[in-house]
Protein chains: 2
Amino acid sequence: MARNTTRAEPGQRDLSDDQRADPLFVRSIERAMQVLSAFHHADAPLSLSEIAQQAQLDRSAAQRMVHSLRMMGYIRRDPTGRGFVPGIRILDHTLDYLRLDPLVRRATPVLQELRKIVRERVDLSLFDDLRVVYAVRLQSKRQNFYTTLVGHSVPTFCSSGGWAILSKLPDAQVRDILDRSDRQPFTPETITEVPAILQKVTETRDQGYALGISQILTGEIAVGFPVLDATGAPVAAIHVAGSQAEWTPEEFTRNFVPLASEAARAISEY
Amino acid sequence: MARNTTRAEPGQRDLSDDQRADPLFVRSIERAMQVLSAFHHADAPLSLSEIAQQAQLDRSAAQRMVHSLRMMGYIRRDPTGRGFVPGIRILDHTLDYLRLDPLVRRATPVLQELRKIVRERVDLSLFDDLRVVYAVRLQSKRQNFYTTLVGHSVPTFCSSGGWAILSKLPDAQVRDILDRSDRQPFTPETITEVPAILQKVTETRDQGYALGISQILTGEIAVGFPVLDATGAPVAAIHVAGSQAEWTPEEFTRNFVPLASEAARAISEY
DNA sequence: CAAAGTGTATTGCCATGCGATACACTTGCA
DNA sequence: TGCAAGTGTATCGCATGGCAATACACTTTG
């Protein structure tokens with residue numbers, strides 16, 4: 001799998017109540033979603049055969065699915081040339097997700113306020129087991145493409161937001177998450193050893209925020225803060241991210257930790 | 001239907017090559033997507049019965065679908081209290097959409113540059129028949145919740161971006177779109193009469209941009225520019241939007257039209 | 001000008017999803 | 001307190017509807 005892009009794998013199941021894998025799927029919809037998920041590993045339009053392969057389906061079965069998904073607007077032909085790409089109706093569900101998630105609703109105005117003051121990138125990322133998924137992204141001037149995208153995700157084990165979340169989980173669960181993570185480094189700086197990560201988590205637990213330097217992107221510096229639900233369990237994190245070219249870690253934390261920390265507390269329900 | 005929020009209805013089919021409605025759906029996946037689409041009309045978590053009703057399904061059939069969709073992470077229980085909400089896996093598909101759409105890729109850096117200069121809200125909206133769907137949103141300081149959301153859509157007939165797109169379509173198609181549109185006003189200012197809209201479109205055709213004042217949101221002023229594909233057909237629009245409290249229409253256009261117009265041309269392939 | 005790709009359409013058989021039914025639990029009203 | 005009307009969940013048989021096979025038109029490749 002060609003993957004030079006920063007992206008974590010989606011979790012397989014509903015975490016909230018830990019149901020184990022259940023063979024009682026509605027199969028056809030599982031297949032349909034596999035077809036749509038074929039694009040997760042793509043970096044260009046997919047042909048039918050490629051979709052069939054990714055979705056573990058017959059070419060003809062894949063074609064039927066693609067046909068139906070096209071009729072509904074979830075897939076469309078690539079405007080230029082061959083193959084298929086995701087369709088715009090996807091974005092309708094995106095909107096539903098964002099509108100209906102109480103966390104996103106609460107967080108957005110707070111983060112806007114924060115962004116206005118700090119003038120660096122500000123994000124909300126949602127805890128999803130081995131990864132955290134960006135749901136709100138408020139850009140700064142310096143950007144790359146991926147730092148603007150909703151839905152982008154990074155591993156929990158090596159992001160400042162992830163550490164912030166881990167710092168609020170019981171040790172056993174932290175261990176479990178680290179054990180199940182595929183701890184591939186993104187940069188030479190990425191911390192991949194379990195003891196070192198545990199060290200970082202402890203540190204985070206003590207000081208109330210996580211500091212990540214060049215963990216995902218070389219030259220990026222970020223502070224992460226946990227967001228808690230009404231029971232005190234971590235459900236998300238907020239980040240402030242900037243460039244090492246402009247900030248020393250000390251300056252960065254001194255400037256942003258107090259404000260961002262307060263924002264995180266404002267969003268939390270605990 | 002309770003709808004005080006600004007939202008257009010999704011189009012039913014693939015527009016690119018105009019396939020008429022085809023009964024050869026894969027039915028079960030149609031039903032599955034109806035279940036997910038039940039949230040389009042919701043403004044709070046939905047119970048099984050509500051989902052069943054929206055999706056035109058038996059309560060038990062709905063429960064099977066919901067179960068499967070939950071196992072896959074496309075639906076989750078509302079964290080607090082009863083009911084279901086969309087699940088985070090939705091955002092994986094959002095990412096695929098945004099990553100793989102060549103238009104979004106090309107437009108993002110250009111819009112970032114534009115945003116840096118104009119310091120007002122800058123958007124990319126994608127043409128989808130009767131509506132335009134926001135895919136890239138770069139905020140300014142003043143915001144409301146909905147002006148930050150990817151996937152949000154507004155009607156083509158009454159938005160500056162929509163007019164910009166219409167101005168590049170043949171008259172017959174413009175008429176067709178206007179005829180099929182449910183031309184409900186959003187504000188007292190909203191232009192709903194076909195002749196007046198055609199007038200606006202002609203004006204836009206002449207001057208190369210569309211000026212919208214309080215069309216969707218009272219007090220909002222926006223300029224829209226068409227984005228063309230390689231064949232010269234309009235596929236999207238870019239907007240710069242600000243507040244009437246800060247700008248007269250003349251000042252606004254004088255300041256932003258030249259830059260934004262150039263940006264739109266840079267994104268276009270024609 | 002084959003050969004190997006695209007994407008599309010049709011058809012029959014049997015896996016599979018719907019609907020009926022039952023149940024455990026919570027909430028609200030009498 | 002009890003019962004009615006809500007939640008959400010689980011199981012199972014039958015008929016429906018989706019998979020696989022097959023065929024074809026078209027484009028790009030060598």
Side-chain angles (χ1 to χ4, degrees), chain A residues 13-36 38-39 42 44-72 74-87, chain B residues 13-36 38-39 42 44-72 74-87:
Chain A
R13 357 175 163 147
D14 206 341
L15 296 166
S16 36
D17 29 316
D18 76 333
Q19 317 228 8
R20 66 236 164 276
D22 180 342
L24 229 93
F25 278 88
V26 175
R27 295 284 176 198
S28 87
I29 192 273
E30 189 188 5
R31 285 185 287 252
M33 293 330 242
Q34 276 170 359
V35 165
L36 282 181
F39 294 104
L46 294 180
S47 74
L48 268 179
S49 314
E50 291 172 315
I51 292 176
Q53 190 193 346
Q54 284 291 336
Q56 317 218 55
L57 272 160
D58 202 57
R59 230 181 69 97
S60 82
Q63 122 76 8
R64 315 289 315 301
M65 284 294 353
V66 167
H67 175 76
S68 298
L69 289 168
R70 270 184 75 193
M71 291 296 93
M72 297 183 242
Y74 292 104
I75 285 183
R76 72 178 197 282
R77 310 215 46 173
D78 183 56
T80 68
R82 329 215 134 327
F84 301 90
V85 293
Chain B
R13 353 172 169 150
D14 204 341
L15 295 166
S16 38
D17 29 317
D18 75 334
Q19 317 230 8
R20 64 238 166 277
D22 180 343
L24 229 94
F25 277 87
V26 176
R27 294 283 177 198
S28 86
I29 190 270
E30 190 187 4
R31 285 184 288 253
M33 294 329 244
Q34 277 170 359
V35 165
L36 281 181
F39 294 105
L46 294 180
S47 74
L48 269 180
S49 313
E50 291 171 316
I51 292 175
Q53 190 193 346
Q54 284 291 334
Q56 318 219 53
L57 271 158
D58 202 57
R59 229 179 70 96
S60 83
Q63 121 77 6
R64 315 288 315 303
M65 284 294 351
V66 167
H67 175 77
S68 300
L69 288 167
R70 268 184 77 194
M71 291 296 92
M72 297 183 243
Y74 292 104
I75 285 183
R76 73 178 198 282
R77 311 214 46 171
D78 183 56
T80 67
R82 326 212 137 329
F84 301 91
V85 294

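Per chain, numbering begins at 1; letters A, B, ... match sequence-line order. Worth saying up front: this structure is predicted, and the values here are computed from it rather than measured.
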key: Beyond-backbone contact of His67(A) with Met71(A), side-chain heavy atoms, under 4.5 angstrom   = yes

task = Nearest whole angstrom, please: distance from the C1' of dG6(D) to the CZ of Phe84(B).
result = 14 Å

ask   = Where do Phe39(B) and Val85(B) come nearest, in terms of heavy atoms and distance?
value = CE2-CA, 3.7 Å

message = Is the phosphate of dT28(D) approached by Arg82(A) (side-chain N or O, under 4.0 Å from OP1 or OP2)?
response = yes

message = Strictly below 4.0 Å: does Arg70(A) bring a side-chain N or O up to OP1 or OP2 of dT8(C)?
response = yes

query = Quick one: Met71(A) CE to dT8(C) C1', roughly how many Å, whole number?
reply = 12 Å

message = Minimum heavy-atom separation for Glu50(A) and Pro45(A), please, with both atom names.
response = OE1-O, 3.9 Å

key: Rounded distance in Å - CE (Met33(B)) to P (dG17(C))   = 16 Å

ask   = Rounded to whole angstroms, how far apart are NE2 on His67(A) and C1' on dT6(C)?
value = 18 Å

task = Would you name the heavy atoms of Leu48(A) and Gln63(A) that are closest together and state the gap between them?
result = CD2-CA, 3.7 Å

request  = Could you identify which residues of residues 47-55 of chain A place a heavy atom less than 4.0 Å from some atom of DNA chain C, listed by residue number, or say none?
outcome  = Ser47(A), Leu48(A), Ser49(A)

request  = Could you point out which residue of Arg64(A), Arg31(A), Glu30(A), Met72(A) forms a side chain to side chain contact (heavy atoms under 4.5 Å, CB included) with Ile29(B)?
outcome  = Met72(A)

Minimal non-hydrogen separation, Ala38(B) against Gln54(B), with atom names = CB-CB, 3.5 Å

Spacing between Gln63(A) atom CD and dA25(D) atom C1', to the nearest angstrom = 14 Å

task = Keeping the roles fixed (side chain from Arg76(B), backbone from Arg70(B)), state whether a donor-acceptor pair exists under 3.5 Å.
result = no

key: B/S/- contact track for nucleotides 17-22 of chain D, protein heavy atom under 4.0 Å   = -SBBBB

inquiry  = With a 4.5 Å cut-off on side-chain heavy atoms, are Ile51(B) and Met65(B) touching?
reply    = no

